[in-house]
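Please read the structure below before turning to the comments.
Chain naming here is simple, since letters A, B, ... match the order of the sequence lines and numbering starts at 1 in each. Reckoned from all heavy atoms, side chains included, excluding hydrogens, waters and symmetry mates.
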2 protein chains.
Amino acid sequence: MSSQPASGRTKVVVTRDLGPDVMPLLQERSELDLVVWPENRACDRGWLLEHIPGAGGVLLMLSDKVNEELLDKAGPSLKVVSTMSVGYEHVDLALLAKRNVRLGYTPDVLTDAVADISVMLAFMASRNAKGTTSLVSRGDWPNATWSPFAFCGPQLSLASSPSQTRTLTAGFLGFGRIAQATLRRLLPFGFTHALYSSNPSSTPSPSQDSAYTKDFHPIQSVRRVDYDTLAKESDVVFVLAPGGEKTYHLVNEGFLRKMKKTAVLVNTARGTLVDSDALAKALREGWIWAAGLDVVEGEPNVTPDHPLVKEPRCVVLPHIGSATFETRLGMATCAARNLLGGVLGEGMQAELDLKGRT
Amino acid sequence: MSSQPASGRTKVVVTRDLGPDVMPLLQERSELDLVVWPENRACDRGWLLEHIPGAGGVLLMLSDKVNEELLDKAGPSLKVVSTMSVGYEHVDLALLAKRNVRLGYTPDVLTDAVADISVMLAFMASRNAKGTTSLVSRGDWPNATWSPFAFCGPQLSLASSPSQTRTLTAGFLGFGRIAQATLRRLLPFGFTHALYSSNPSSTPSPSQDSAYTKDFHPIQSVRRVDYDTLAKESDVVFVLAPGGEKTYHLVNEGFLRKMKKTAVLVNTARGTLVDSDALAKALREGWIWAAGLDVVEGEPNVTPDHPLVKEPRCVVLPHIGSATFETRLGMATCAARNLLGGVLGEGMQAELDLKGRT
């Protein structure tokens with residue numbers, strides 16, 4: 001097989017049917033020879049390796065590894081890998097750069113959906129959503145003893161509070177698009193301060209902080225701080241940094257021990273950023289109040305005997321951060337356009353710059 | 001017994017221990033003869049009727065009915081009823097007015113906590129929090145089939161969306177303090193319009209609407225509309241009106257049938273406002289997308305066979321809207337101050353105006 005069969009059409013492989021709203025974008029292009037994994041489950045590796053040879057492009061998912069094996073099978077015809085995800089830890093970037101294969105991904109379109117669920121998880125954790133919803137589900141509401149402080153959690157707002165002496169601080173590990181969209185959502189809840197830590201190699205920047213402080217009016221300050229300060233001063237910590245080796249277990253026992261006893265941890269980024277055993281210990285021993293997780297290291301192999309699923313104050317969602325119809329449609333459309341742009345040698349809606357990745 | 005025993009002290013009855021942060025406010029007043037229900041459960045009616053005679057004041061909870069029986073037992077010494085709640089549907093207002101007994105309650109202090117949980121429930125409902133958290137709890141994450149649109153719900157935000165053609169409308173049944181605090185929280189999620197209906201006897205007010213529209217900048221418009229319009233145009237409907245006869249089953253089958261198929265209903269006010277059977281039918285038959293409830297008619301007698309608890313897209317919390325440490329402390333403090341002010345004939349922190357209630 002070659003990328004330009006007798007028909008003159010370019011083969012493209014798609015590892016998931018993207019549904020009736022998006023597939024026509026590809027199907028209607030007569031210059032493409034479209035090969036789509038036919039089942040409603042993750043694509044078999046064997047099937048992918050069998051069909052990739054000679055392809056000019058491949059559109060794939062977070063679960064499909066892009067490594068030497070795949071690129072060798074694809075051969076020199078491959079011009080573009082388009083992943084339907086904002087993350088690219090399943091992709092060997094250096095190898096793509098070396099072989100001049102372009103990479104498309106889907107940033108921006110999922111910012112709102114993930115910011116929404118980050119805020120939701122902060123409140124679900126602080127307000128005991130796990131314990132209280134399961135109390136109702138198992139039939140214990142009629143027997144629950146109301147008392148002035150029953151089911152109480154720490155309050156993550158003070159917008160209408162007459163007292164102006166309290167502060168409320170949001171901490172962000174990573175301060176990219178999603179983190180900033182999350183902070184913006186928190187402003188009318190009355191958060192007074194924001195702290196962030198990002199790419200440890202870059203230096204503090206008071207002018208950047210002052211620009212952020214203005215941008216996030218009426219917050220009192222936005223400050224870049226070291227991990228210790230962020231852990232110590234935050235009432236809620238949002239983990240919103242990229243995955244990968246550099247951020248592995250950024251939230252470990254040392255970090256958790258420094259957090260406030262009333263603080264909440266939210267992870268809507270990647271499971272590898274948080275040491276699950278340390279977090280379970282922190283919750284069990286009351287170092288922090290609660291946690292809300294959309295991602296867990298080792299997912300989806302997370303079962304009821306997992307130490308975090310067992311914790312009554314740990315909300316665990318099955319990685320649904322971007323799961324809204326609008327966002328997934330936007331991601332699928334972006335991935336399809338990236339594939340088309342790459343195959344046809346045109347601009348892509350969102351291309352990762354691979355320079356310096358070798 | 002009389003309100004001025006030989007000691008010269010005024011008897012006050014308190015139907016719940018308010019904890020070590022609040023009780024000293026009462027205990028340290030030597031002019032009071034303090035009688036406190038000693039157990040950590042709702043006060044027995046028999047105990048209350050036994051101890052109320054001759055009291056100058058009573059501090060009680062939503063579960064303690066203030067009716068003719070209680071007032072007759074109390075006798076003419078009673079100057080004040082202080083309820084630790086923002087609602088007063090357990091209190092016979094006309095009777096209090098007739099007998100010149102003052103009523104203290106606890107508005108304002110719980111505005112933030114209830115607005116927080118209203119926003120939380122809107123997202124828990126739209127983003128399938130009930131189904132997805134229970135999938136993880138029962139061990140089905142490892143077997144869950146990811147697909148581009150699995151677990152998706154409608155998106156209640158469009159802040160970063162490049163397309164400005166979509167609208168997002170929040171509807172409020174009742175537009176008091178909590179509703180307005182809820183709308184304010186929704187602004188950075190990108191809501192474009194707000195609709196409200198309140199006290200049906202008052203007339204539309206374009207000038208009020210225009211003031212609201214300015215106040216809730218950058219929203220495009222805030223409009224007072226009839227129930228039909230509110231049902232038809234809202235992407236999320238917040239039930240935030242007072243309970244009682246006038247609002248009984250305001251959300252009924254007719255209202256629910258007019259709502260959008262992708263809309264979400266949130267009730268953090270009183271269970272009586274929503275017809276539970278109609279809502280269960282609406283969810284079962286897909287008239288609306290989902291619901292998030294902090295209150296259910298007939299609570300706390302809501303068991304796993306309740307039609308709403310059985311619905312996979314109906315989140316049910318056990319009336320924890322005000323359950324944060326900060327808010328409950330504020331409510332208890334306010335209730336104690338109201339009691340003191342009433343008994344001593346001084347100003348109260350929050351007194352309900354009973355004029356015209358006879």
Side-chain angles (χ1 to χ4, degrees), chain A residues 16 18-19 40-42 108 111-113 116-117 120 123-124 127 129-130 132-133 135-139 141-142 144-161 181 184-185 187-189 299-304 309 315-318 320 323-328 332, chain B residues 16 18-19 40-42 108 111-113 116-117 120 123-124 127-128 130 132-133 135-139 141-142 144-161 181 184-185 187-189 299-304 309 315-318 320 323-328 332:
Chain A
R16 201 66 187 247
L18 301 176
N40 184 27
R41 56 183 180 88
D108 301 320
T111 299
D112 282 328
D116 293 349
I117 218 160
M120 179 185 102
F123 284 95
M124 285 181 72
R127 299 299 294 272
K130 183 177 182 173
T132 53
T133 52
L135 176 140
V136 172
S137 298
R138 67 174 185 264
W141 194 0
T145 304
W146 188 89
S147 75
F149 296 98
F151 308 124
C152 279
Q155 186 163 323
L156 288 182
S157 69
L158 42 70
S160 312
S161 168
R184 206 167 294 287
R185 282 157 172 71
L187 297 177
F189 290 86
E299 67 182 55
N301 294 313
V302 175
T303 50
V309 177
V315 177
V316 182
L317 297 176
I320 58 164
T324 70
F325 296 112
E326 292 84 349
T327 289
R328 287 285 172 81
Chain B
R16 201 65 186 248
L18 301 176
N40 184 27
R41 57 183 179 90
D108 302 320
T111 300
D112 282 329
D116 292 351
I117 218 161
M120 180 185 102
F123 284 95
M124 285 182 72
R127 300 298 295 272
N128 301 311
K130 182 175 183 174
T132 52
T133 54
L135 176 141
V136 171
S137 298
R138 67 172 186 264
W141 193 1
T145 303
W146 188 91
S147 74
F149 296 97
F151 309 124
C152 279
Q155 186 163 323
L156 288 181
S157 69
L158 40 71
S160 312
S161 166
R184 206 166 295 287
R185 282 157 171 72
L187 297 178
F189 290 86
E299 68 184 53
N301 294 314
V302 175
T303 49
V309 177
V315 177
V316 182
L317 297 176
I320 58 164
T324 69
F325 296 113
E326 293 84 350
T327 288
R328 287 285 172 81

*Does a side chain donor of either Asp112(B) or Ser157(A) reach within less than 3.5 Å of an acceptor in the other side chain?*
no
*Is the closest side-chain heavy-atom distance between Phe189(A) and Asp116(B) below 4.5 Å?*
yes
_Out of Ala181(A), Gly139(A), Pro148(A), return the one with the most heavy atom pairs under 4.5 angstrom to chain B._
Pro148(A)
*Given that the side chain runs from C-beta out, which part of Leu317(B) has a heavy atom under 4.5 Å from chain A: side chain, backbone, both or neither?*
both
*Side chain, backbone, both or neither: which part of Val316(B) has a heavy atom under 4.5 Å from chain A?*
both
*Name the member of Val136(B), Val315(B), Val309(B), Thr327(B) that forms the most heavy-atom pairs with chain A at distances under 4.5 Å.*
Val136(B)
*asked:* If I measure from the heavy atoms of chain A, does Ala113(B) come under 4.5 Å with its side chain, its backbone, both, or neither?
replied: both
*asked:* Among residues at least two apart in sequence or on other chains, which ones pass ring pair (Phe, Tyr, Trp, His ring centres under 6.0 Å) with Phe149(B)?
replied: none
*Which one, Arg184(B), Arg41(B), Glu326(B), Arg127(B), leads in non-hydrogen pairs under 4.5 Å with chain A?*
Arg127(B)
*Quick one: what part of Arg328(B) sits under 4.5 Å from any heavy atom of chain A, side chain, backbone, both or neither?*
both
*Residues in side-chain hydrogen bond (donor to acceptor under 3.5 Å, both in side chains) with Thr111(B), at least two apart?*
none
*Checking heavy atoms, do the side chain of Thr145(B), its backbone, both or neither come under 4.5 Å from chain A?*
side chain
